[in-house]
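Structure record follows, encoded as structure tokens.
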Amino acid sequence: MTEKCTKYEAYSMFASEKDFFDHLQECDDCKKEFEKELRLSALIQDSASTYRAMVKKNNTKKLMCKIACVLVLFISFGVFTGFEVKRHQRFDNFVKANTETSVISQDGLPVDDYGFFDYN
């Protein structure tokens, strides 16, 4: 029974490329180990493309979520600003109506913008 070759790591790390491939031609154990590494490398490259596609999909989801949040904020701001403008318009109309119909102004006394007695 022959022993398994243990030179694969030493040749792959420290020997020149020519010496390493010459050893692979002679040694079946090292050739099998090299083929395993090639299959592993191919598997890693295949999974890397899958991983990149998955990351791109997740980034797209995150971007869409951010866009949706910004749109909700803009719509909310617009709605609440619109309510605030209407509230101010109603207040201005109320002040104008009270200034024109103020009892003080009907008596001929000076009034301010709000219909109150203007003592200045």
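Treat the numbers as computed from the prediction; the structure is a model and nothing was measured. The figures here come from the full heavy-atom set of this structure, side chains too, leaving out hydrogens, waters and symmetry mates.
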Does a side-chain N-to-carboxylate-O contact under 4.0 Å join Lys18 and Asp22? yes
Between Ser41 (side chain only) and Glu37 (backbone N and O only), is there a donor and an acceptor less than 3.5 Å apart? no
Quick check for you: to the nearest 0.5 Å, what is the distance between Cys30 atom SG and Gln25 atom CD? 12.0 Å
Looking only at heavy atoms, which two atoms of Lys31 and Leu24 are closest? And how far apart? CE-O, 3.3 Å
From Leu71 atom CG to Ile67 atom CD1, the distance as rounded to the nearest 0.5 Å: 7.5 Å
Give a yes or no on whether Met54 atom CE has more than 12 heavy-atom contacts from other residues, nucleotides or ligands under 6.0 Å away. yes
Do Phe34 and Phe21 come within less than 4.5 Å of each other through their side chains, counting heavy atoms only? yes
Anything under 30° is parallel, anything over 60° is perpendicular, the rest tilted; go ahead and classify His23 against Tyr11. parallel
Looking at every non-hydrogen atom in both residues, tell me the closest pair between Asp46 and Ser49 and how far apart they are. O-OG, 2.8 Å
Give me the atom names and distance for the closest heavy-atom approach of Ala15 to Phe20. CB-N, 4.5 Å
NZ-CD distance between Lys7 and Glu33, expressed to the nearest 0.5 angstrom: 15.5 Å
Rounded to the nearest 0.5 Å, what separation is found between the NZ atom of Lys32 and the OH atom of Tyr8? 14.0 Å
